[in-house]
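Beneath this line is the structure, given in structure tokens, with notes to follow.
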Amino acid sequence: MTTTPHTPSTTPTPVAPRLTPRLDAIGLVVADMAASLAFYRALGVPVPADADTAPHAEASLPGGLRILWDTEETVRSYDPGWTRPEAGGRVGLAFLCGSPAEVDATYDALVAAGHRGHLKPWDAVWGQRYAVVLDPDGCEVSLFAGAA
């Protein structure tokens, strides 16, 4: 029996292009879906009107980034050991306002609607008008605009 020696192929093996992960969505776990969605609607996030009683909701923002909301029950359905965080402050969302006056007006409107103010509007040393409110689950939401 004769055998032919194996010679390496001169044709390169195709390599799939390396995909670079890109940030596509920010997920929030919420205790009260309707309360959370009302807060973000007040900031102009286009949340579907029928999402208040859903276990999961999402909205697409200009540029394609999405915000996702899941109830605590939904998260526990696939992660039974999940527990509500004791303290916030690790992740925050920041909303660009059109002017320093809009920062003040948006902050005042959210607080007047019953949301918790965290840091009243101030002129930050980095050159922006800045304020922080808390969403219904205690997540920090910054409001900012360039200085006038």
Quick check: closest heavy atoms across Gln128 and Trp126, and the distance to 0.1 Å? OE1-NE1, 2.8 Å
What is the distance from atom SG of Cys139 to atom NE2 of His118, rounded to the nearest 0.5 Å? 12.0 Å
Throw together a table of side-chain donor-acceptor distances under 3.5 angstrom for residues 94-105, partners on residues two or more places apart or in other chains.
{"from": "Ser99", "atom 1": "OG", "to": "Ala101", "atom 2": "N", "distance (Å)": "3.4"}
{"from": "Ser99", "atom 1": "OG", "to": "Glu102", "atom 2": "N", "distance (Å)": "3.1"}
{"from": "Glu102", "atom 1": "OE1", "to": "Gly98", "atom 2": "N", "distance (Å)": "2.7"}
{"from": "Asp104", "atom 1": "OD1", "to": "Arg129", "atom 2": "NE", "distance (Å)": "2.9"}
{"from": "Asp104", "atom 1": "OD1", "to": "Arg129", "atom 2": "NH2", "distance (Å)": "3.2"}
{"from": "Asp104", "atom 1": "OD2", "to": "Arg129", "atom 2": "NH2", "distance (Å)": "3.1"}

OG on Ser77 to CD on Glu72, rounded to 0.5 Å: 12.5 Å
With Ala109 via side chain to side chain contact (heavy atoms under 4.5 Å, CB included) - residues at least two apart: none
Identify whether Val141 and Leu119 are in the same connected component of the hydrophobic contact network (ILVMFWY, side-chain heavy atoms under 4.5 Å). no
For a quick test of reading the model, state the closest non-hydrogen atom pair linking Tyr78 to Thr74 and the distance between them. CD2-O, 3.4 Å
Verdict with reasoning, Leu68 to Ile26, per side chain to side chain contact (heavy atoms under 4.5 Å, CB included): CA-CA 6 Å; Leu68 314 175; Ile26 297 169; over 6 Å; no
Counting only pairs under 3.5 Å, give me each side-chain donor-acceptor contact of residues 57-64, with atom names and distances, residues two or more places apart or in other chains.
{"from": "Glu58", "atom 1": "OE1", "to": "His56", "atom 2": "NE2", "distance (Å)": "3.0"}
{"from": "Glu58", "atom 1": "OE2", "to": "Arg66", "atom 2": "NH1", "distance (Å)": "2.8"}

Give the intermediate values and the outcome of side chain to side chain contact (heavy atoms under 4.5 Å, CB included) for residues Val133 and Phe39. CA-CA 10 Å; Val133 293; Phe39 175 86; 3.7 Å; yes
Does one hydrophobic cluster hold both Tyr107 and Val45, with members joined at side-chain heavy-atom distances below 4.5 Å? yes
Using the test side-chain hydrogen bond (donor to acceptor under 3.5 Å, both in side chains), find all partners of Asp135 that sit at least two apart in sequence or belong to another chain. Tyr40
Among residues at least two apart in sequence or on other chains, which ones pass side-chain hydrogen bond (donor to acceptor under 3.5 Å, both in side chains) with Ser36? Trp69
So Val30 and Asp70, do their side chains get closer than 4.5 Å, heavy atoms only? no
Could you state whether Met33 and Leu43 fall into the same hydrophobic cluster, counting links through intermediate Ile, Leu, Val, Met, Phe, Trp or Tyr residues with side-chain heavy atoms under 4.5 angstrom apart? yes
Donor-acceptor pairs under 3.5 angstrom involving side-chain atoms of residues 46-55: please list them, not counting sequence neighbours.
{"from": "Asp52", "atom 1": "OD1", "to": "Arg41", "atom 2": "NH1", "distance (Å)": "2.8"}
{"from": "Asp52", "atom 1": "OD1", "to": "Arg41", "atom 2": "NH2", "distance (Å)": "3.0"}

Quick one: pull up CG in Leu37 and CD1 in Ile67 and give me the separation to the nearest 0.5 Å. 10.0 Å
Do the side chains of Tyr130 and Leu134 join up, straight or via other hydrophobic residues, at under 4.5 Å, putting them in one cluster? no
Looking at every non-hydrogen atom in both residues, tell me the closest pair between Ala31 and Asp137 and how far apart they are. N-OD1, 2.9 Å
